[in-house]
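Each chain gets a letter, A, B and so on, in the order the sequences are listed, and its residues count up from 1. Keep in mind it's a predicted model, so treat the numbers as computed, not measured.
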Number of protein chains: 2
Amino acid sequence: MTSTPPPLDATQLGAYFALIEASSLLKHSVEQQLRDAGDLSYVQFQLLATLGDSPTGSRRMTDLADGVVYSRSGLTYQAQTLEKRGLVTRSQSSDDERGVTVTITEEGRAVLAEVFPGHVAVLDDLLFAPLTRADVETLADILARARDHMRQTPPRSAGARRRKKAAAAD
Amino acid sequence: MTSTPPPLDATQLGAYFALIEASSLLKHSVEQQLRDAGDLSYVQFQLLATLGDSPTGSRRMTDLADGVVYSRSGLTYQAQTLEKRGLVTRSQSSDDERGVTVTITEEGRAVLAEVFPGHVAVLDDLLFAPLTRADVETLADILARARDHMRQTPPRSAGARRRKKAAAAD
DNA sequence: ATCAGTTGCTTCGAATCCGAAGCATTTGAC
DNA sequence: GTCAAATGCTTCGGATTCGAAGCAACTGAT
C-alpha cells in the first residue's frame, strides 16, 4: 500500500536527476579517456590516484575500499589486476598480520602521470566549462556537505557485519 | 602532447571528488533499498520510472538508453529481464520495422508504486537532509547546466555512430 | 592460555555490464 | 530500382561487480 505520496517537489527531483545524470555522463567520458590513455578502468585510476596521493605511496586495503566506495571483493580483484600489471605491489602490513598494504610502483606512477593530463582535460571540458568559479565553489560546498552526511549515516544493512548474537537487545 | 598538465585547483578537485563520492554513496544506498523493496536494480528502476513517466507508458529502446545513460546492449539485457518478470512488454514500433517499443505493464506500475516511497525516503534521509531548500535549488541549477553541456558535447574520441534528432511527439 | 567474537582479506558463484560484431530495416545517392 | 551507408537492436565474449562464505589473525574477557 502506497499510502505515502511522494514528498518530492520538482526542484528536488531536478537536483536528484541532474546529480545522477551528470555524474553518469562524466564518469562515462572519463572512463573512455582513461581506457584510451592508459588502459585503466575508473576504479583502477582512483586507486592509483589515492595511492599516489599518500606520502608513503601505500594504503591498507580497507582504507582504499572505503575511500573509493567499493566492495572489498571488488577491490581484491582490482588490486590483483594492478599487481599483475606491475602498477602496485601488495605486502603484509607490519603491525597486523592479516592486513595487506598496497603500494604504488614507479611504473604505476608513470601510468598515472601519463593519464592525468587527459583526465583533467575531460573535467575541464565537460564539467567545469559551463560553470563559473562561484558555481564550482558552491557545488563543492553543497556536495561536500551531502557526502559527509552520507558517510556518517550508516546504510541500513551494509557496513558492519550482522551480529548473530545479541540479537535480542540490538 | 602531455607537456602541459592543466592544473586543477583545490576547489575544482573538491567539487569533482564530492560529486563522484556523493553520487556513488547515494547510488549504493538507493540500490540497496530497491533490491530490498522490489528486487530491482537501479537501472531497472530507472527504466520503469522513465516508462511510467511517459503519457503512453512506452518508449523506444534507444530513447530509453539515452535517457538512462546506458549501453544499448545493457539495455537489451535489462529489457529482457524486465519482460521475463512481466514488468514490461516489447513490441515492434509501428513506423519503424526494426524499432522496439517498450511498454510498462500494470504489474510494472505496481512494483514501481511499491518501491517508490522507500526510494524517496532514502533520498530525503541521505541527500536532502543536510541541505537547505536554497541549496537544493542551487544544486539543481548548477548540475542541470553541467548535464546539458555534457549532453550536447560529444565524446571526443568516441567513434560512436552519429545519431540524429529524435521526434518530439510522443 | 583459551575461547568467542570481530576484523581483514580472499575465494566463489552469479549477475551485470560493455564493446564489437552481426542481422534486419531504412535512408540517401545514383 | 539498386546499392552503400546509416540506424535499431540483439548476440556474443569477456571483464567487472557484488554478497555470501571462508580462512586467518587480532581482541577482550575469563
A:Asp96, nearest nucleotide to its side chain (from D:dA25, D:dG19, D:dT17): D:dA25
Can you name the residues that form a salt bridge (Lys or Arg N to Asp or Glu O under 4.0 Å) with A:Glu31, not counting sequence neighbours? none
For A:Arg72, salt bridge (Lys or Arg N to Asp or Glu O under 4.0 Å) partners two or more places apart: A:Asp66
Respond yes when some side-chain nitrogen or oxygen of B:Thr62 is under 4.0 Å from OP1 or OP2 of D:dC9, and no when none is. yes
B:Arg151 vs B:Val69 side-chain heavy atoms within contact, under 4.5 Å: yes
Here the distance between atom P of C:dC18 and atom CG of A:Asp36, to the nearest Å, is 16 Å
Nucleotide C:dC9, atom C1' - distance to CD of A:Glu83 in whole Å: 13 Å
Cationic N near anionic O, under 4.0 Å, A:Glu107 to A:Arg85: no
Give the rounded distance in Å between these two atoms: CZ of A:Arg60 and P of C:dT10. 12 Å
side-chain N/O B:Gln78 vs C:dC17 OP1/OP2, d < 4.0 Å: yes
Salt bridge check, B:Asp95 against B:Arg60: does any charged N sit closer than 4.0 Å to a carboxylate O? no
Is any side-chain nitrogen or oxygen of A:Arg90 closer than 4.0 Å to OP1 or OP2 of C:dT10? yes
To the nearest angstrom, how far is B:Tyr70 atom OH from D:dT10 atom P? 14 Å
Within the 4.5 Å heavy-atom criterion, are B:Thr89 and B:Val102 side-chain neighbours or not? no
Nearest whole Å is fine: how far is C:dT25 P from B:Gln92 CD? 8 Å
D:dT17 P sits how many Å from B:Gln32 CD, rounded? 18 Å
Any idea which of D:dG19, C:dC17, D:dC9 is nearest the B:Val100 side chain? D:dC9
Length of the CG-C1' vector between A:Leu64 and C:dT10, whole Å: 16 Å
Are A:Asp9 and B:Arg133 ion-paired here, with the side-chain N under 4.0 Å from a carboxylate O? yes
Side chain of B:Arg98, base of D:dT7: donor and acceptor closer than 3.5 Å? yes
Atom pairs, N/O to N/O, protein against nucleotides 11-13 of chain D, distance under 3.5 Å?
residue: D:dT11; atom: OP2; partner: B:Gln80; partner atom: NE2; Å: 2.7

Could you give the CG-to-P distance, from B:Asp95 to C:dT27, as a whole number of Å? 9 Å
